[in-house]
Every structure is written in structure tokens, then in C-alpha cells.
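Letters A, B, ... are given to chains in the order of the sequence lines, protein chains preceding strands, and every chain is numbered from 1.
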2 protein chains.
Amino acid sequence: MQKTQEEFKANILSALAHPNRIRIIELLKNGTKCNCEIGPELELEQSNLSRHMKILVQEGIVVSWKDGLRVNYKVSDKRIFAILDLAGNVAHMEAKVGVEVLEEA
Amino acid sequence: MQKTQEEFKANILSALAHPNRIRIIELLKNGTKCNCEIGPELELEQSNLSRHMKILVQEGIVVSWKDGLRVNYKVSDKRIFAILDLAGNVAHMEAKVGVEVLEEA
DNA sequence: TGACTATATGAGTAATCACTCATATAGCGT
DNA sequence: ACGCTATATGAGTGATTACTCATATAGTCA
């Protein structure tokens, strides 16, 4: 089953499209973290966090490696941050203004 | 109900995270189109397309205006295309691991 | 070895999503 | 007014999602 280019993009964006996963990625802006740090900082259930991390790894958004009992994570590509920043800009614009600032496209 | 910044971003990304909505947006790269053109070009059911467009409008990704019977659409902000392009780059990179590379239309 | 810690996963559930069919609404031309 | 066209939407369905609890796995250290 061949995936289309659009399906690839949609998969990446779906993996990013969850508030907690966004918080995780933004936490990882400061560098490598393990589950045992992310969980408490974001107040996420252990199994819930584990599944979120799995989604991020599967889509190649974060990379993981074991360090003893821990699993460390970092964001694989700085373009991930760029996507989130752009989404923030668009969301911000949409939230603040009505329909009339849209003439720039 | 106060939305967090992460929820705003997640909403934008969710609205983008569907293959057909991505195809719609990329169709709109060439300018304004109406439903009656998009539907046949992408072979989408009328009601299905209508709902996809509603999602895109609600998130401020496209703007719409009526022209007689038609409803025209255009992408509200160039940054939308930037998000899709970045997602394509990341997806492309990730795809190298297993499958052979896909061509750009 | 056993106790402890960090992470992963099976199973169940409630909510949301994408889609379709049928119908409703709205604008055009006669 | 009428028929025709373009779009929107109610209702139903099957699939997917996020979450939780309980349990399994794996690594560390006494």
C-alpha cells in the first residue's frame, strides 16, 4: 500500500496535533529529557505519556535511546519547532482579528 | 472556556492533518477556487467536501465569500503553505528509512 | 536471588472523526 | 411563480483516538 505525499504530511501533522504532544515537544526545546522528567513536569499519567511518546517516535518527530532504565528523547529536527511556531502565528492571528487582515496571501 | 496556546496550535494542525484537506489547500496554491471546481478536481463527494471546507474556514485557514450560487475560497495566509512544506520535508526525511522516495508533483 | 524503578502494553470505554445518503436552503434564469 | 444548480446539514455508521487501570517487561542494585 503506497502512501501518498499528502498522507505522509497528514501523519506528521496528526502526530503534532495534540496539546500534550505540543507541550512535550516544547519541553524538549531545551534539550534531551526522559519520560521520568517529562511526566511529572507536565502532570501526565505514565501510560498516557508513554503512548504519546510512541506516537512521536513512530512519526520520526523525536528520537529515543535507552539509558539504563530510562528512555531519553530529543526532537529529531528543528523544523518541527518551526511548524509549531508557524501554527502559533496563524492561530494567534486568527484569534485576535476578524476577517480583514487576510489580504496578504 | 479558555483555550491554551497549545490547544490553538493543535486545532490548526488538526484542521491541516487530513490528506484531502491538504490536497484542497495545495489546489488553492494557484489562487481562488469554488467548491464546484474543487469537488470534481479532487473527486470528493459534495457533502464531504462541504464539511472539509467548513473545518478549514472555522480554523481560519481559508477564507470564503459567496459569488452568486458559488462559494469561493482562498488560503488566508502564506504561512499555511509553509507549514505543509515543512511537514513534507520532515515526512520525506523520515521516509528514507523504509520506503523509496516519492516524487514532487 | 528479590525488591525496586522506569517504561510498555492489553483491554475497556467514551468521545470524536470521516463518510454517505437524504433533505434543506439559497441564488440564478426562465 | 417554476425548475435548475451550488452548497449546507441532519442522521446514521464504522473507524479511530485519548485515556485509564492493571499487568508485563526490563534494567539496577542490595
Considering only side-chain heavy atoms of B:Lys66, which listed nucleotide, D:dT7, C:dT20, C:dG27, is closest?
C:dG27

Closest approach of A:Glu6 to B:Ile22 (non-hydrogen atoms, all atoms of both residues)
O-CD1, 3.5 Å

Need one value for B:Asn48: base, sugar-phosphate or nothing, where a base atom within 4.0 Å counts as base even if backbone is also close, heavy atoms only.
base

NZ of A:Lys33 versus P of C:dT7: gap in Å, rounded?
13 Å

When rounded to whole Å, the CG to C1' distance for the pair B:Leu56 and D:dT7 reads 16 Å

Of all the nucleotides listed (D:dT5, C:dA8, C:dT5), which has the minimum atom distance to the side chain of A:Leu69?
C:dT5

Any sub-3.5 Å donor-acceptor pair from B:Ser50's side-chain atoms to B:Gln46's backbone N or O?
no

So which nucleotide from C:dC19, D:dG10, D:dA8 ends up closest to the side chain of B:Arg51?
D:dG10

Go through C:dA6, C:dA18, C:dT7 for me and flag the one nearest to the B:Arg21 side chain.
C:dA18

Just the rounded figure in Å: distance from C1' of D:dT28 to CG of A:Asp67.
12 Å

For B:Leu42 and B:Asn20, the nearest pair of non-hydrogen atoms, with its separation, is CD1-O, 4.5 Å

In whole angstrom, what separates B:Glu45's CD from C:dC21's C1'?
8 Å

OP1 or OP2 of D:dC19 sitting under 4.0 Å from any side-chain N/O of A:Asn20?
yes

From the candidates C:dC19, D:dA18, D:dT7, the one with an atom nearest any side-chain atom of A:Ile55 is D:dA18

Can you tell me if A:Asn35 touches the phosphate of C:dT5, counting only side-chain N or O atoms and a distance under 4.0 Å to OP1 or OP2?
no

For A:Ala17 and B:Asn72, take the nucleotide of DNA chain D holding the closest heavy atom to each; which residue's nucleotide lies nearer the 5' end?
B:Asn72

B:Met53 CE to D:dA8 P: how many Å, rounded?
9 Å

Nearest listed nucleotide, side chain of B:His52, among D:dA26, C:dC21, C:dC19:
C:dC19

Ignoring the backbone of A:His18, work out which of D:dC19, C:dA8, C:dG27 is nearest its side chain.
D:dC19

Between B:Lys54 and D:dA8, does any side-chain N or O lie under 4.0 Å from OP1 or OP2?
no

Distance-only donor-acceptor test, A:Gln46 side-chain atoms vs C:dA6 base atoms, 3.5 Å:
no

Can you measure A:Leu44 atom CG to D:dT20 atom C1' for me and round it to whole angstrom units?
13 Å

CD1 of B:Ile24 to CG of B:Leu16, rounded to nearest 0.5 Å, is 11.5 Å

Do A:Ser47 and D:dC21 have a side chain to base donor-acceptor pair shorter than 3.5 Å?
yes

Spell out, as yes or no, whether a donor-acceptor pair under 3.5 Å connects the side chain of A:Arg21 to the backbone of A:Ser14.
yes

Look only at the side chain of A:Gln58 and the backbone of A:Ile55, and say whether a donor-acceptor pair between them is shorter than 3.5 Å.
no

Between OH of A:Tyr73 and C1' of C:dA6 the distance, given in whole Å, is 10 Å

